[in-house]
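Letters go in sequence order (proteins before strands), and every chain restarts at 1.
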Protein chains: 2
Amino acid sequence: MPTDTRDRILTATAELFRAGGYHGTSLKQVTVASGAPIGSVYHFFPGGKAELAEAVLASSGASYRALFELIADAAPDPVAAVTDFFDGAATVLEETGYLDACPIGTVALEVASSDERLRHATAAVFASWAEAIVTRLTAAGLDEATAGDLATTLIAGIEGVHAQPRRP
Amino acid sequence: MPTDTRDRILTATAELFRAGGYHGTSLKQVTVASGAPIGSVYHFFPGGKAELAEAVLASSGASYRALFELIADAAPDPVAAVTDFFDGAATVLEETGYLDACPIGTVALEVASSDERLRHATAAVFASWAEAIVTRLTAAGLDEATAGDLATTLIAGIEGVHAQPRRP
DNA sequence: GTCTATAGAAGGATAGAC
DNA sequence: GTCTATCCTTCTATAGAC
């Protein structure tokens, strides 16, 4: 399969971003973790690290959105949708020892004031999540404004939870 | 004043961490922003970048805690304390164009799984904040467990808010 | 305590054979 | 599409004069 290598680079980089963020991840690590040589990385992402990061943010963002939609649409009501989603996140955090966070939030904090292009990529992901949430909340009867505020609050909550390190 | 340089290094680094995080900040930037030569940085922080980061986390963490305590103790009740604090954070975010985030949260996400020492430093800060919140909530009549859970939620909220980039 | 110069390693990126 | 070798820059850290 020809695009197999590209996918491996994408998922490996997403995993590295979860652990070390954008600046904490080197292309050398990407080659080792993905098994792809540096030449292939630049073949699929001619724009280098920045273009790779942009693709990772978009693809990871879409995955998390799909996961939320899957859980939400299986839940009987919006309240259950939210608690199911947070319960799932809590389980993952517990099972992984609170080591790996959300690649979007980590990168978003790093690049907010320094990289216009990547900031846009993170903002697009959060906007997409908000849309998925708002759609379901308005369908359940909430007005647009309340649904939007609640979506922002929920996204802040899930991101903030991931910022908490393991204690001690 | 002999420790003046040390303070300038500390505050300059905290500002840089807010913008670019730990890995996104170089010691060269620290020297430029603080006006202190690299020799002085290593004079005050012989352990290099890691030791400097540890000091920045502790000092910034203490400042934010003090700010919360100031606002909370001026508020008539716990609910007002929380809304006053979040309102203050919102004002700062608006005034700065959502550019600079929380140095603790940013670094916490970067180092959670890669640097044991810095992870401890971030965990200590969050624990200190939680203590400040729990003290006031239990004084207001909440039981210890509920106060602890609420403190964690509030900290997650304030951190998650800072992870949101400016839109568009 | 301050400052400069520099060592030594690691980073991103490119060229070109295959 | 894959892989290696290599260039240039930047980074952390150290040495030593002042």
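- In this structure, the NZ atom of B/Lys28 is 15 Å from the P atom of C/dT6, given to the nearest Å.
- Between A/Ser40 and the phosphate of D/dC3, there is no side-chain N or O to OP1/OP2 separation shorter than 4.0 Å.
- Contacts of B/Gly39 with the nucleic acid, taken as non-hydrogen atoms under 4.0 Å apart, include base atoms.
- Here the side chains of A/Asp100 and A/Glu15 are in contact, with some heavy-atom distance below 4.5 Å.
- Residue A/Tyr22 contributes atom OH, which lies 8 Å from atom P of C/dG12 at whole-angstrom precision.
- The side-chain heavy atoms of B/Leu27 and B/Tyr42, taken from C-beta on, include a pair separated by under 4.5 Å.
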Hey, mind stepping through B/Arg119 and B/Asp115 against side chain to side chain contact (heavy atoms under 4.5 Å, CB included) and telling me if it holds?
-> CA-CA 6 Å; B/Arg119 200 205 70 225; B/Asp115 191 313; over 6 Å; no
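- B/Thr25 comes within 4.0 angstrom of the backbone, heavy atoms only, and of no base.
- Closest to the side chain of A/Pro37, from the set C/dA13, D/dC3, D/dA13, is D/dC3.
- Comparing C/dA13, D/dT12, C/dG11 by their nearest atom to the side chain of A/Ser26 picks out C/dG11.
- Taking atom CZ on A/Phe44 and atom P on C/dA13, their separation rounds to 18 Å, with Å as the unit.
- When rounded to the nearest whole Å, the span between NE2 of B/His23 and C1' of C/dG12 equals 16 Å.
- Between B/Phe45 atom CZ and C/dG1 atom P the separation is 12 Å, expressed in whole Å.
- When side chains are defined from C-beta on, A/Leu57 counts as touching A/Leu118, because their heavy atoms get closer than 4.5 Å.
- A sub-4.0 Å separation between OP1 or OP2 of C/dT2 and a side-chain N or O of B/Thr5 is present.
- If you measure from atom CD1 of A/Ile38 to atom P of D/dC7, you get 17 Å, rounded to the nearest angstrom.
- Rounded to whole Å, the distance from CD1 on B/Ile9 to P on C/dT2 is 8 Å.
- Going from atom CG of B/Leu27 over to atom P of C/dC3 covers 17 Å, rounded to whole Å.
- Candidate nucleotides C/dA13, C/dT4, D/dT2 were compared by shortest atom distance to the side chain of A/Tyr42, and C/dA13 ranks first.
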Give the intermediate values and the outcome of side chain to side chain contact (heavy atoms under 4.5 Å, CB included) for residues A/Trp129 and A/Leu154.
-> CA-CA 10 Å; A/Trp129 292 357; A/Leu154 289 172; over 6 Å; no
